[in-house]
**Q** 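Before we start, here is the structure in question, set down as structure tokens.
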There are 2 protein chains.
Amino acid sequence: MNAVQALETATADACCAPAARPLLGAEDAQDRARILKALSDPNRLRLLSIVKSGDGGEACVCDLTEPLDLGQPTVSHHLKILVDAGLLSREKRGTWAYYSLVPGALEAASESILAL
Amino acid sequence: MNAVQALETATADACCAPAARPLLGAEDAQDRARILKALSDPNRLRLLSIVKSGDGGEACVCDLTEPLDLGQPTVSHHLKILVDAGLLSREKRGTWAYYSLVPGALEAASESILAL
DNA sequence: GGGATTCATTGATGATGGTCAATATTCGGG
DNA sequence: CCCGAATATTGACCATCATCAATGAATCCC
């Protein structure tokens with residue numbers, strides 16, 4: 001289970017609870033912070049933006065290296081962080097690796113802020 | 001102008017643009033990342049949660065130190081980060097400092113994720 | 001099969017961040 | 001005016017992070 005999946009189960013649990021004493025539990029907070037940390041880098045935000053608006057909702061690494069003015073290893077590193085956070089999914093077709101948004105992941109992250 | 005205010009003007013500019021080449025500009029990305037970075041720590045999320053649910057929508061430092069199991073200087077440090085990010089506001093009454101949510105700030109942060 | 005291409009991984013480095021102990025500051029009360 | 005309480009600030013320490021150069025792994029094409 002990746003980070004976004006953990007987040008969704010956690011927020012589902014919290015939806016009907018009458019807000020006990022520690023309003024936001026330590027574990028829940030850690031789950032949410034994990035996702036938000038992946039979103040807290042400007043280059044990663046731009047990566048998500050490019051992927052989201054890419055043709056077919058996807059983009060390969062070669063499309064992402066140039067507009068960010070970063071080295072290819074650095075871009076791969078950021079993409080890995082986004083995949084590990086459950087925000088992006090990776091599909092390898094031939095020599096190329098195509099990244100696309102995980103459906104609902106950004107909405108879940110957004111909700112984790114509103115539902116504090 | 002704090003970080004949330006900069007974020008609001010930036011997203012307002014982007015709302016009607018036909019999405020030029022660099023879909024999310026470097027400066028806009030940096031503004032959004034600044035807010036999200038303030039939200040990317042579990043203890044700060046819990047601080048926001050406690051403040052939001054506090055009596056009158058506010059809480060003083062003495063109410064925040066114990067439930068987080070952190071030292072008082074650390075809590076003050078986190079609160080300063082949240083204030084600088086434009087998420088919390090500080091009002092000193094007597095010896096106590098009361099923190100409260102800046103209206104619309106969480107909603108703006110949430111939107112900065114959805115509007116990638 | 002060999003070379004070229006695309007991407008991931010490793011290792012290193014400088015910068016940033018979270019935490020605490022100690023100290024400073026500000027304010028109310030006697 | 002001085003004392004105690006609440007909070008902020010400073011300095012230090014260790015961990016994490018963003019980045020790059022170099023290398024490795026997988027795939028396609030001739």
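Residue numbering restarts at 1 for every chain, and letters A, B, ... go by the order of the sequence lines.
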**Q** Tell me whether the side-chain N/O atoms of B/Arg93 come closer than 4.0 Å to OP1 or OP2 in C/dC27.
**A**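 No, B/Arg93 has no side-chain N/O under 4.0 Å of OP1/OP2 on C/dC27.
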**Q** Just compare C/dA8, C/dC20, D/dT19 and give me whichever is closest to any side-chain atom of B/Thr74.
**A** C/dC20
**Q** Quick one: is B/Tyr99 getting a side-chain N or O under 4.0 Å of the D/dA6 phosphate, OP1 or OP2?
**A** no
**Q** Name the residue closer to the 5' end of DNA chain D, choosing between B/Val61 and A/Asn43 according to the nucleotide with the nearest heavy atom.
**A** B/Val61
**Q** Rounding to a whole Å, what distance do you find between B/Lys92:NZ and D/dA5:P?
**A** 16 Å
**Q** Classify the nucleic acid contact of B/Tyr98 as base, sugar-phosphate or nothing, counting any heavy atom under 4.0 Å across all strands shown.
**A**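 Nothing, no nucleic acid heavy atom in range.
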**Q** Side chain of A/Leu70 only, heavy atoms from C-beta on: which candidate in D/dT9, D/dT19, D/dC28 is closest?
**A**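 Closest of the options to the side chain of A/Leu70: D/dT19.
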**Q** Are B/Thr74 and B/His78 close enough that some pair of their side-chain heavy atoms sits under 4.5 Å apart?
**A**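 Touching, per the 4.5 Å side-chain cut-off.
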**Q** Is the closest basic N to carboxylate O distance between A/Arg93 and A/Glu58 below 4.0 Å?
**A**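 Yes.
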**Q** To the nearest angstrom, how far is A/Leu47 atom CG from D/dA18 atom P?
**A**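 Spelled out: CG on A/Leu47 to P on D/dA18 is 12 Å.
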**Q** Atom CD of A/Glu91 to atom C1' of C/dA8: distance rounded to whole Å?
**A**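 Between C1' of C/dA8 and CD of A/Glu91: 17 Å.
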**Q** Are A/Ser76 and C/dA8 close enough that a side-chain N or O sits under 4.0 Å from OP1 or OP2?
**A** yes
**Q** Any side-chain heavy atom of A/Trp96 sitting closer than 4.5 Å to one from A/Val61?
**A**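 A/Trp96 vs A/Val61: side chains apart.
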**Q** List the steps and the verdict of side chain to side chain contact (heavy atoms under 4.5 Å, CB included) for B/Thr65 and B/Leu70.
**A** CA-CA 6 Å; B/Thr65 305; B/Leu70 286 179; 5.8 Å; no
**Q** With respect to the side chain of B/Arg90, which nucleotide from D/dA18, D/dT7, C/dG18 is positioned closest?
**A**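 Nearest nucleotide to the side chain: D/dT7.
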**Q** Between D/dA18 atom C1' and B/Gln30 atom CD, what is the distance in whole Å?
**A** 13 Å
**Q** When you measure from the side chain of B/Ala97, which nucleotide among D/dT7, D/dT9, C/dC7 comes out closest?
**A** D/dT7
**Q** Choosing from D/dA8, C/dC27, C/dC7, which nucleotide comes nearest the side chain of A/Gln72?
**A** C/dC7
**Q** Without decimals, in angstroms, what is the distance between B/Trp96 CH2 and C/dG29 P?
**A** 8 Å
**Q** Applying a 4.0 Å non-hydrogen cut-off, can you work out what B/His77 is touching in the nucleic acid: base, sugar-phosphate, or nothing?
**A**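 Touches a base.
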**Q** Just the rounded figure in Å: distance from P of D/dA6 to CG of B/Leu64.
**A**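 Going from B/Leu64 (CG) to D/dA6 (P), I get 14 Å.
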**Q** Which whole-number value in Å describes the distance from A/Asp69 CG to D/dT19 C1'?
**A**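 Taking CG of A/Asp69 and C1' of D/dT19, I get 12 Å after rounding.
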**Q** If you check the B/Pro73 side chain, which of D/dA6, D/dT19, D/dT9 turns out closest?
**A** D/dT9
**Q** For A/Glu107, look at atom CD and say whether over 12 heavy atoms of other residues, nucleotides or ligands are found less than 6.0 Å away.
**A**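 Yes, enclosed.
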**Q** Could you state the NZ-P distance from B/Lys37 to D/dA18, rounded to the nearest angstrom?
**A**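 Going from B/Lys37 (NZ) to D/dA18 (P), I get 7 Å.
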